[in-house]
Amino acid sequence: MWNKHQVVEHIIGKQREQAKAKGKAFAPSNIALCKYWGKRDAELNLPVTSSLSVSLHHLGTVTEIMRATEKDHIVLNGIELDEHEPFAKRLITFLDLYRPHPEFKFKVNTSNNIPTAAGLASSASGFAAMVLALDDFFAWNLSLQDLSILARMGSGSAARSLMNGFVLWQAGSRSDGMDSFAKSLDIEWPEFRIGVLTLSDLEKSKSSRQAMTETINTSILYKSWPAQVSRDLDRLLTAIQNKDIQLCGETAEQNALSMHATMIASWPPTLYWLAETVSTLNRVWEMRKQGIPVYITMDAGPNVKLIFEKNISTKIQNVFKCEIIAPFASFSNLNFHKRER
Ligand code: DP6
């Protein structure tokens, strides 16, 4: 079993000379259609199962990294954080893995255009952008596979936030995690849409990390989760290949609700849903009864994402106040898509 330092040593070796005055990168947020829920190794964030996501195009995180003197500075959305705040502590611990020497301090300037910690996977884009910015700063020129492994050690779902479009994170089986990284599916579905509804942007009461640990330790329902994932991944791969929105939407919705069922059945129980979450679910189910093919997915938070195709965008906008993302639209000037190789 390796620790994080050994993995970093293996991937970047001695390449720790500052190469530039500043490293900068963007990474998109992602929403899983088949969720990552449960770890086989908490040190390296190695998952119990594989997972599949779609990246949210321009919604994500931009991070700049510079050298600082005396102490680390973490600036989130323009505000400098106290180094004892949980978010700053988590980033500083992650940066410890990459310092050329202990006195080397960083200034990190990170901005999200999605609500932080409201279940919109900002830790995913946050750690992915951080790893890409470090790659730029130190001129490592790592492969996406290695960057995915490094991002995973910050937050599991960050392994999937380095690529655009549909992304599959293979769980892998090695204890050093060198076979646990994400890859683009390389399938375009131009009509595919995600509707992002922000029902609450309050910090969630329990981290997904804690809820995940409690679920795996106490929820008897969790025993069926690997079987659920295996069935759902097969179905989703078929659905994406055939651009079958019904199979894709139904599978993603059942997968998300099954994940929430495992955590509701854990002890202490975790229920991220608000009254607005439930009323949104009811409204979506009502629309489906009327023949409108719209489906939901949700991460560890109260917010709901809608899954549908372009042809019903107007109907969606008439009912929901949501931002509609076209995951396969072309990019104008975001640096990250140029990295796809
Ligand atoms: C519900 O990636 O935040 O969003 O690895 O502990 O940092 P850690 O967990 P995190 O968990 C995300 C869980 C999820 C599902 C998913 O994105 O697949």
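Counting starts at 1 for both ligands and their atoms, in listed order. Numbering starts at 1 and runs along the sequence shown. Being a predicted model, the structure only gives us computed values, none of them experimental.
With ligand atoms numbered from 1 in the order given, ligand 1 contributes 6 (O), 7 (O), 8 (P) to contacts under 4.0 Å with heavy atoms of Arg209. For ligand 1, the atoms sitting less than 4.0 Å from at least one non-hydrogen atom of Met212 are 9 (O), 11 (O), 13 (C), numbered in the order shown with element in parentheses. Atoms of ligand 1 found under 4.0 Å from any heavy atom of Ser123, numbered from 1 in the order shown, are 3 (O). Heavy-atom contacts of Asn45 reach the following atoms of ligand 1: 5 (O) (cutoff under 4.0 Å). Near Lys39, meaning under 4.0 Å from one of its heavy atoms, ligand 1 places the atoms 5 (O), 6 (O), 8 (P). For ligand 1, the atoms lying closer than 4.0 Å to a non-hydrogen atom of Gly156 are 2 (O), 5 (O), 7 (O), 8 (P).
Taking a cutoff of 4.0 Å between a charged side-chain nitrogen and a carboxylate oxygen, Asp234 and Arg231 do not qualify as a salt bridge.
On a distance-only criterion, Ser157 and ligand 1 share at least one N/O pair closer than 3.5 Å. In terms of polar-atom proximity, defined here as any N/O pair under 3.5 Å, Asn30 makes no such contact with ligand 1. On a distance-only criterion, Ala32 and ligand 1 share no N/O pair closer than 3.5 Å.
Distances shorter than 4.0 angstrom occur between a heavy atom of Met259 and an atom of ligand 1. Not a single heavy atom of Ser51 sits under 4.0 Å from any atom of ligand 1. Under the 4.0 angstrom criterion for non-hydrogen atoms, Arg90 is in contact with ligand 1. Using a 4.0 Å cutoff on heavy atoms, Ala124 does not count as a contact of ligand 1.
Here the options are Thr297, Leu52, Asp232, the test is side-chain contact (heavy atoms from CB on, under 4.5 Å), and the partner is Thr251; only Asp232 passes.
Side-chain polar atoms of Glu309 and Trp189 form a donor-acceptor pair below 3.5 angstrom. Under the 3.5 Å distance criterion, with hydrogens and angles disregarded, a donor-acceptor pair is assigned to the side chains of Trp169 and Ser180. In summary, the side chains of Thr61 and Asn112 do present a donor paired with an acceptor at a separation below 3.5 Å, with no hydrogens or angles considered.
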Could you pull out every donor-acceptor pair under 3.5 Å between side chains of residues 103-110 and any protein atom, sequence neighbours left out?
unit_1 : atom_1 : unit_2 : atom_2 : d
Thr110 : OG1    : Thr63  : OG1    : 2.9

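For atom 10 (P) of ligand 1, the nearest non-hydrogen atom from the set Ser155, Ala159, Ser161 comes from Ser155.
Of the possible donor and acceptor atoms, none in the side chain of Lys321 sits under 3.5 Å from a partner among the backbone N and O of Leu197.
Every side chain to side chain donor-acceptor pair (under 3.5 Å) that Ser51 has, sequence neighbours left out, goes to Arg160.
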Run the side chain to side chain donor-acceptor pair (under 3.5 Å) test on Gln210 and Glu214 for me, step by step, so that the C-alpha distance in whole Å, both residues' side-chain angles and the decisive distance to 0.1 Å come before the verdict.
CA-CA 6 Å; Gln210 190 183 340; Glu214 288 170 0; 2.9 Å; yes

